[in-house]
Amino acid sequence: MAHKSVAVLDIRSSEVAVFVGERGVNRTFVFKASRTESYDGYENGVFYDVSKLSEAIRKAVAAVEQVCGERLKTLYVGVPGDFTKIIAKEQDIGFPKKRKITEKDLSALFAAGREEVRDYRFMRVSSMIYVTSDNQRVVDPVGISTAGLSGCVSYFYCSEYFCAAVESVLKDLRISAQYLPTQFAMASYLIPSETRDECALFLDAGFLSSTVSIVLGNGILAQNSFWAGKGQVAFLVMDRLKVPYEVALTLLHRVNLFAKPEDGPMENTEILYRGETYEYSPVLLAETVEEGLDKICEATEAFLESFDERELDCKPLYVSGEGLYEIRGALEHIEKRLNRMMEQVAPDLPYYNKPAMGSRVALLDMACEDRRKSGLLQRIFNGFGG
């Protein structure tokens with residue numbers, strides 16, 4: 001792999017994507033190769049079929065290696081919310097007298113709160129916000145003089161089950177894995193830092209699974225994943241309209257939740273799919289889609305209402321992921337149901353400026369930054385120019 005390039009595996013709830021890329025100029029990225037493969041997905045932290053996940057990863061890796069002309073040695077693997085545990089806690093350190101904070105002090109602060117979690121593997125740690133002894137709130141305290149420092153810290157863990165499932169195939173391919181929390185990467189990349197500093201709400205709406213996060217500064221305060229997404233809405237359409245599942249998915253792209261019954265045809269209409277004609281009611285379709293979306297609303301609302309430590313009522317909900325953006329009127333329906341402002345976010349990149357690409361670009365961004373930091377540390381320990 002080229003010195004600046006990184007390889008990433010993005011595991012979503014209906015497909016996996018392997019891609020190789022590097023940072024460009026002005027916050028852009030250069031994608032050198034990519035391949036997406038479908039698989040069965042997962043529910044409540046368990047894959048439906050690990051063998052099909054493995055097959056999808058193998059195919060995607062082989063395709064990317066063929067394009068790149070070399071073997072992948074390391075994959076930065078995005079860990080979905082279903083397989084991620086976040087522990088948020090406050091940590092503090094004090095000094096005999098006022099002095100400048102160093103990176104070593106931050107490492108000590110993080111290490112003091114790190115704990116072993118049964119059935120989970122530590123991924124990374126990040127501070128949401130720091131507060132100095134004189135109550136100065138800062139994002140980066142290195143170099144600041146203070147007699148003490150406290151931090152609201154997020155510890156990210158990945159389930160051993162997920163690691164075992166991924167490493168079972170990567171071991172055969174002689175590829176090592178480094179794990180990244182997907183929703184944290186997305187929130188950090190897609191939501192402006194000044195917004196996160198004051199606390200932000202983020203919904204990653206997926207195909208079978210969605211995750212809502214309470215984001216604070218450079219960390220996650222709390223997070224919850226639930227089994228609801230575009231796939232379940234399509235299943236409800238399939239059941240109510242008596243059409244095949246593939247047709248139901250196609251109808252999700254045709255529905256218009258903005259339209260009122262009096263604005264469109266009340267009679268049934270038809271859709272032609274692979275040579276077969278299917279009849280359906282536009283009114284029933286819209287009602288069914290709204291009912292399906294309500295499952296996402298209910299899960300999101302229940303989580304936010306259970307978290308009363310901060311004032312969240314006035315906060316907008318930022319949304320990304322593949323689950324909602326192709327359903328016309330979906331965001332507006334959820335906005336009305338939750339009585340909360342919604343804002344769809346996506347990468348500000350040509351071709352990749354779709355919510356469905358949010359996790360891919362965000363994971364590439366985090367992987368590139370981790371690669372840069374690890375390279376810097378190696379140069380420090382080995383001596384620059386060595």
Side-chain angles (χ1 to χ4, degrees), residues 1-25 27-42 47-80 83 123 158 162-186 189 204 206-208 320-322 346-347 349-375:
M1 202 49 44
H3 178 66
K4 294 182 180 180
S5 299
V6 295
V8 179
L9 168 59
D10 182 16
I11 300 179
R12 303 294 291 177
S13 56
S14 65
E15 62 184 23
V16 302
V18 174
F19 48 95
V20 174
E22 62 184 50
R23 288 191 190 278
V25 296
R27 286 181 55 84
T28 63
F29 295 94
V30 177
F31 286 83
K32 297 187 173 181
S34 66
R35 181 60 173 260
T36 300
E37 294 286 341
S38 300
Y39 77 112
D40 287 354
Y42 52 81
F47 290 107
Y48 288 126
D49 192 330
V50 174
S51 65
K52 291 187 177 180
L53 169 70
S54 299
E55 182 182 2
I57 293 175
R58 286 179 185 276
K59 287 182 178 180
V61 167
V64 167
E65 288 181 336
Q66 185 175 14
V67 172
C68 291
E70 58 180 311
R71 189 176 68 82
L72 302 183
K73 296 180 181 180
T74 301
L75 270 176
Y76 287 87
V77 182
V79 183
F83 305 94
M123 273 195 289
C158 172
F162 179 90
C163 295
V166 171
E167 291 169 8
S168 65
V169 58
L170 295 189
K171 183 178 179 180
D172 291 341
L173 298 174
R174 294 181 297 159
I175 298 175
S176 63
Q178 296 190 36
Y179 297 101
L180 307 174
T182 298
Q183 281 71 36
F184 176 48
M186 294 177 71
Y189 179 76
D204 176 15
F207 190 85
L208 291 177
S320 196
E322 69 274 22
L349 298 172
Y351 179 72
Y352 296 96
N353 58 347
K354 304 177 181 65
M357 295 292 180
S359 60
R360 301 186 190 186
V361 179
L363 286 170
L364 179 59
D365 177 69
M366 182 171 281
C368 286
E369 183 63 17
D370 280 10
R371 173 74 174 269
R372 184 191 69 81
K373 288 181 178 178
S374 64

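Below, all heavy atoms of this structure are taken into account, side chains as well, without hydrogens, waters or symmetry copies.
In this view, Y39 satisfies the ring-ring contact (aromatic ring centres under 6.0 Å, His included) rule with no residue, not counting sequence neighbours. Not counting sequence neighbours, the partners of F31 by the ring-ring contact (aromatic ring centres under 6.0 Å, His included) test are F19, Y352. A362 pairs by the side chain to side chain contact (heavy atoms under 4.5 Å, CB included) definition with A185, M186, Y189, not counting sequence neighbours. Applying the ring-ring contact (aromatic ring centres under 6.0 Å, His included) criterion to F184, with sequence neighbours excluded, gives F156. Taking R23 as the reference, D365, E369 meet the salt bridge (Lys or Arg N to Asp or Glu O under 4.0 Å) condition, with sequence neighbours excluded. With sequence neighbours left out, S168 forms a side chain to side chain donor-acceptor pair (under 3.5 Å) with no residue at all.
Atom SG of C163 is separated from atom CZ of F83 by 10.5 Å, given to the nearest 0.5 angstrom. Atom OG of residue S359 and atom CD of residue Q183 lie 8.5 Å apart, to the nearest 0.5 angstrom. With rounding to the nearest 0.5 Å, the separation of OG in S51 from CD in E55 is 7.5 Å. In this structure, SG in C68 is found 7.5 Å from NZ in K32, a value given to the nearest 0.5 Å. Put simply, NZ on K52 and CG on D40 are 4.0 Å apart, with the number rounded to the nearest 0.5 Å.
Using a cut-off of 4.0 Å between Lys/Arg side-chain N and Asp/Glu carboxylate O, E15 and R360 are scored as salt-bridged.
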Start with the C-alpha gap between E65 and E70, add the side-chain angles, then the distance that decides, and say whether side-chain contact (heavy atoms from CB on, under 4.5 Å) holds.
CA-CA 6 Å; E65 288 181 336; E70 58 180 311; over 6 Å; no

Check the pair L75 / V61 against side-chain contact (heavy atoms from CB on, under 4.5 Å), numbers first and verdict last.
CA-CA 10 Å; L75 270 176; V61 167; 4.2 Å; yes

Walk me through whether L180 and M123 qualify under side-chain contact (heavy atoms from CB on, under 4.5 Å).
CA-CA 7 Å; L180 307 174; M123 273 195 289; 5.8 Å; no

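Put simply, the side chain of V6 reaches to within 4.5 Å of the side chain of L364, judged on heavy atoms. Under the 4.5 Å side-chain criterion, counting only non-hydrogen atoms from C-beta, V16 is not in contact with T36. Annotation: side chain of Y76 is not in contact with side chain of L9 (no heavy-atom distance under 4.5 Å). Between F162 and P80 there is a side-chain heavy-atom pair separated by less than 4.5 Å. Looking at heavy atoms from C-beta onward, L363 lies out of side-chain contact with V77 at the 4.5 angstrom threshold. Contact annotation: the side chain of K4 never approaches that of R371 to less than 4.5 Å [non-hydrogen atoms, C-beta and beyond].
Defined by atom type and a distance below 3.5 Å, a donor-acceptor pair is missing between the side-chain atoms of S320 and D204. Looking only at atom types and distance, the side chain of S176 has no donor-acceptor partner in the side chain of K73 under 3.5 Å away.
Taking every heavy atom of both residues into account, L72 and I175 meet most closely at O-CG1, 3.2 Å. Taking every heavy atom of both residues into account, K59 and R35 meet most closely at O-CG, 4.5 Å. In this structure, R58 and L173 approach most closely via the heavy-atom pair NH1-CD2, 3.9 Å. In terms of heavy-atom proximity, V18 sits nearest to A60 at CG2-CB, 3.6 Å. For the pair V169 and S54, the tightest heavy-atom approach, listed with the atom from each and the gap, is CG2-O, 3.7 Å. Of all heavy-atom pairs between S13 and Y42, the closest is CA-CE2, 3.5 Å.
Listed for the T182 side chain is a donor-acceptor partner under 3.5 Å among the backbone atoms of V79.
Within a 6.0 Å radius of NZ in K354, more than 12 heavy atoms belonging to other residues, nucleotides or ligands are found.
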